[in-house]
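Per chain, numbering begins at 1; letters A, B, ... match sequence-line order.
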Amino acid sequence: MLTLKYIQENKERVIEKLKLKKLDATTIVGDIILADNTRKSTQAELDRQLAELNNLSRQIGALMKDGKTDEANAAKEKTASLKESTKELGVKLAETETAINSLLVQLPNVPHDSVPPGKTPEDNVEIRSGGQIPELHEKAVPHWDLAKKYDLIDFELGVKITGAGFPVYKGKGAKLQRALINYFLDEAEKAGFTEVQPPIMVNEDSGFGTGQLPDKEGQMYHVGIDNLYLVPTAEVPVTNIFRDVILNASDFPVKYTAYTPCFRREAGSYGKDVRGLNRLHQFDKVEIVCIDIPENSYNTLEAMVKHVENLVKGLGLPYRILKLCSGDMSFTSALTYDFEVYSAAQQKWLEVSSVSNFESFQANRLKLRYKDADKKTQLAHTLNGSALALPRIVAALLENNQDETGIKIPEVLIPYTRFERI
RNA sequence: GGAGAAAUGGCAGAGCGGUCGAAUGCGGCGGUCUUGAAAACCGUUGUCCGAGCAAUUGGACCGGGGGUUCGAAUCCCUCUUUCUCCGCCA
C-alpha cells in the first residue's frame with residue numbers, strides 16, 4: 001500500500017494517477033488525510049498525558065522509598081483521572097489507525113509515469129516482438145486434440161480425481177513438464193538467481209504482504225481448518241521471505257527463483273477461452289523475484305524482461321512484449337510487461353508471463369526495508385515475473401511444432417526430455 | 001495427539017514489581033596505536049509514531065493479545081512458536 005507520508009505530500013498526484021487506473025480516489029484520499037491528522041493530534045495529546053503519568057509514577061516510587069506514604073497516596077489519587085483519559089485516547093488512537101488502514105488498503109498502486117493511459121487490453125502497447133509464426137499443415141489441430149491423440153494430457157481423468165481445471169499429465173506430456181521446469185530453473189541459475197523451494201500454503205500475514213489479502217481471497221483456495229491459503233503464485237511465499245526484514249546495501253541485488261505449483265480459483269471463467277490448457281485451477285510455474293533499491297529497480301525490471309525474453313526465444317516461440325496500459329494493470333503494480341506467445345492452431349496470443357515492478361507498494365505492507373548510504377531505513381522495491389508459466393507454453397509448443405507425424409521438441413529441451421519428438 | 005520446559009537487542013546471555021531500552025560477552029561501526037594489518041585500548045551501536053529548521057525532545061516496543069498495579073521484561077490469563085519425552089508416521 002501507499003505510505004501515509006506519500007499520500008500527504010502528493011495528494012493531487014495520487015488522485016490524478018489513480019484515475020488512470022479507473023478509480024476516483026478523491027474521497028478516500030481526503031478521508032485518509034483527515035484521519036491521519038486526527039491520528040497525529042490524538043497521539044500528541046496521548047503522549048503528553050502518558051509523560052505526565054510516567055512522571056507521577058516516578059514521584060510515587062521516590063516517596064514510597066522515603067516512607068512518605070501519605071504523600072504517595074495523595075499522588076496516587078491524582079493519577080486516576082489521567083489514567084481514565086489516556087485509556088480513552090488510546091482507544092481513539094487505535095480506532096483511528098484501524099480506520100486509516102482500512103482506507104489505505106483500498107488504494108491501488110500509483111502507475112509509473114511511463115505507463116500508457118488506457119482502459120482495456122486493446123490499449124496495451126507492444127514494445128517488441130520476435131520469432132516466426134509457423135505455417136501449419138492442413139490437418140493441424142489445437143493442443144487439446146494433440147494432447148488426446150498422443151496421450152499427453154488427460155483432462156477428463158483430472159475431472160474424475162479432482163474437478164475441471166486439474167489435468168493429469170501422462171508419459172511424454174509429464175516429461176515435457178519436468179523438462180520445462182528444469183530448463184527454466186537452470187536458466188535462472190545461470191542468470192544469477194538463487195533457487196528456493198518455499199511452502200505452497202501461506203498464512204494470512206503472507207497473503208496480506210504481497211497484496212492478495214484482504215479483498216482478493218476469493219481467488220485463492222482456502223484451507224479453513226488451519227486458515228491457510230494455497231499459493232496462487234510463488235511470488236507470495238518467496239517475497240514473504242523478506243517480510244519484516246531490514247536489508248543492508250551489501251545484500252543487493254536480491255534475486256530468487258522458485259518452481260511451485262500454483263492454485264487459482266478463477267471463479268466465473270467459462271467458455272472457449274478456458275479450453276484445454278488455456279486456464280487451469282492448478283498449474284506449474286517458475287517465478288523470479290527481485291528486491292532492489294529504488295534507484296535501481298527499473299534497471300532490474302528491464303533485466304528481468306530480458307531474462308524472460310531469452311527463455312521464450314530459446315523455445316523458438318513467436319512472442320510479443322506488451323507494456324500494460326494503466327487500466328489493465330494489477331492492483332499492486334506500478335509498471336507491468338506482459339509476454340504473449342502465439343498459439344498457431346488456436347490462432348491466439350496467450351499470456352505466459354507478467355513482469356512487474358511494485359516499487360514500495362508491497363514493501364510497505366511487508367515492512368521490507370534497507371539501510372541506505374546515510375544509514376537511514378527506507379522501503380525497498382519488490383519485483384517479480386513469471387519465468388515462465390507452463391500450461392500456455394506447452395499449448396503453444398504442441399500446436400506450433402506439430403507436423404503430420406508428430407510434434408518436434410525444441411533443441412534446448414532435448415537434454416531434459418531425452419526424446420526429440422512426440 | 002498427550003506430558004513437561006522455554007520465548008529478552010544482530011547473536012549469546014543477565015535481569016528483587018520502581019530511575020531498565022534493558023548488565024555482560026561476541027559481532028558491527030568510529031577512533032588511538034602501527035609502514036600496513038592483527039592484538040590491545042577508548043568511544044559508539046535497535047525499531048516505530050510524534051514535536052522541532054536543527055541541536056534536541058515526548059511516547060511506544062523484552063514472542064502476539066488482554067489483565068492486575070500509581071508503576072510490569074518481572075505477577076495473572078490467553079494465543080502462537082520452539083525444545084525435551086511419549087504416541088503416530090512419509
Side-chain angles (χ1 to χ4, degrees), chain A residues 1-9 32-105 197-209 213 223-229 237 240-252 254 261 360 362-380:
Chain A
M1 58 195 175
L2 300 173
T3 64
L4 279 170
K5 196 169 181 241
Y6 183 81
I7 294 171
Q8 286 274 17
E9 289 169 3
I32 287 173
I33 288 176
L34 280 178
D36 189 39
N37 293 341
T38 303
R39 189 196 108 244
K40 283 183 190 170
S41 58
T42 306
Q43 190 177 4
E45 179 57 19
L46 176 62
D47 285 355
R48 197 191 61 71
Q49 294 189 10
L50 283 175
E52 203 176 330
L53 207 49
N54 286 343
N55 261 327
L56 279 171
S57 292
R58 267 189 285 269
Q59 287 170 23
I60 291 168
L63 291 169
M64 302 279 274
K65 211 174 209 172
D66 296 344
K68 296 175 182 165
T69 325
D70 291 347
E71 285 179 52
N73 284 334
K76 275 190 200 180
E77 280 171 31
K78 282 203 285 187
T79 63
S81 67
L82 261 181
K83 273 189 80 176
E84 187 64 29
S85 86
T86 54
K87 201 166 192 173
E88 281 169 20
L89 282 171
V91 170
K92 185 180 174 191
L93 184 63
E95 283 171 356
T96 309
E97 283 172 348
T98 306
I100 291 172
N101 269 327
S102 64
L103 290 169
L104 275 180
V105 297
Q197 283 197 10
I200 57 175
M201 288 201 267
V202 295
N203 58 29
E204 268 184 288
D205 286 345
S206 294
F208 177 82
L213 297 174
V223 182
I225 193 166
D226 288 314
N227 197 24
L228 298 171
Y229 295 86
N240 272 281
I241 290 172
F242 296 94
R243 173 152 48 85
D244 291 319
V245 166
I246 299 178
L247 294 163
N248 294 311
S250 58
D251 295 325
F252 295 108
V254 174
S360 59
Q362 290 181 329
N364 188 34
R365 292 170 158 241
L366 293 158
K367 299 204 190 336
L368 162 50
R369 293 161 295 174
Y370 72 101
K371 296 261 192 211
D372 69 13
D374 301 330
K375 295 187 175 171
K376 295 255 277 191
T377 315
Q378 309 250 28
L379 292 173

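- Using a 4.0 Å heavy-atom criterion, one finds that A:Thr79 contacts the sugar-phosphate atoms exclusively.
- For B:A14 and B:U81, the P atoms lie 25 Å apart once the distance is rounded to whole Å.
- Taking all atoms of both residues into account, the shortest heavy-atom contact from A:Phe208 to A:Val105 is CE1-CG1, 3.8 Å.
- Residues A:Lys83 and A:Ser57 both approach RNA chain B. Their nearest nucleotides, taken by heavy-atom distance, put A:Ser57 toward the 5′ side.
- Across all strands shown, the partner of B:C75 is B:G67, judged by Watson-Crick or G-U wobble contacts whose two distances both fall under 3.5 Å.
- Contact check, A:Asn54 against B:G59: a side-chain N or O comes under 4.0 Å of OP1 or OP2.
- Across all strands shown, B:U57 is found opposite B:G50 as a Watson-Crick or G-U wobble partner, with both distances under 3.5 Å.
- With a 3.5 Å ceiling on both atom-pair distances, B:A14 lacks any Watson-Crick or G-U wobble partner.
- A salt bridge links A:Arg48 with A:Glu52: the distance from a Lys NZ or Arg NE/NH1/NH2 to an Asp or Glu carboxylate oxygen falls below 4.0 Å.
- For the residue pair A:Asn101/A:Thr98, the side-chain donor-acceptor check at 3.5 Å is not satisfied.
- The CD-P distance, from A:Glu45 to B:A51, rounds to 14 Å in whole Å.
- Here B:G50 presents its C1' atom at 13 Å from CD of A:Gln8, a figure rounded to the nearest Å.
- Side-chain N/O atoms of A:Arg39 include one lying less than 4.0 angstrom from OP1 or OP2 on B:G50.
- B:C62 is unpaired under the criterion used here, namely a Watson-Crick or G-U wobble arrangement in which both key atom distances are under 3.5 Å.
- The nucleotide B:U44 finds its pairing partner in B:G28, both defining distances of the Watson-Crick or G-U wobble pair being shorter than 3.5 Å.
- Checking B:G59, B:C49, B:U47 against the side-chain heavy atoms of A:Gln43 singles out B:C49 as nearest.
- Using a 4.0 Å heavy-atom cutoff across all strands shown, A:Arg48 reaches no nucleic acid atom at all.
- Take the nearest nucleotide of RNA chain B for A:Asp47 and for A:Ile246: the residue whose nucleotide is more 5' is A:Ile246.
- One interatomic measurement links the two molecules: CG of A:Leu53 to P of B:G59, which rounds to 11 Å at whole-angstrom precision.
- Taking atom CD1 on A:Ile60 and atom C1' on B:G18, their separation rounds to 10 Å, with Å as the unit.
- Nucleotide B:A39 forms no Watson-Crick or G-U wobble pair with any nucleotide shown, as no partner meets the under 3.5 Å limit on both distances.
- Taking atom CG of A:Asn227 as the reference point, atom P of B:G64 lies 20 Å away to the nearest angstrom.
- The nearest whole Å value for the distance from the CG atom in A:Asp244 to the C1' atom in B:G46 is 14 Å.
- The NZ-C1' distance, from A:Lys367 to B:C49, rounds to 12 Å in whole Å.
- For A:Asp251 and B:G10, the CG to P distance is 15 Å, given to the nearest whole Å.
- Summarising the local packing, CD of A:Gln8 is surrounded by more than 12 heavy atoms from other residues, nucleotides or ligands at distances under 6.0 Å.
- Distance noted for atom C1' between B:G9 and B:U45: 10 Å (whole Å).
- Between A:Ala35 and A:Ile100, the shortest heavy-atom contact is CB-CG1, 3.5 Å.
- A:Lys76 has no side-chain polar atom (N or O) that falls below the 4.0 Å cut-off from OP1 or OP2 of B:G71.
- In this structure, A:Leu50 reaches the sugar-phosphate backbone alone: every heavy-atom distance under 4.0 Å involves primed, P, OP1 or OP2 atoms, never a base.
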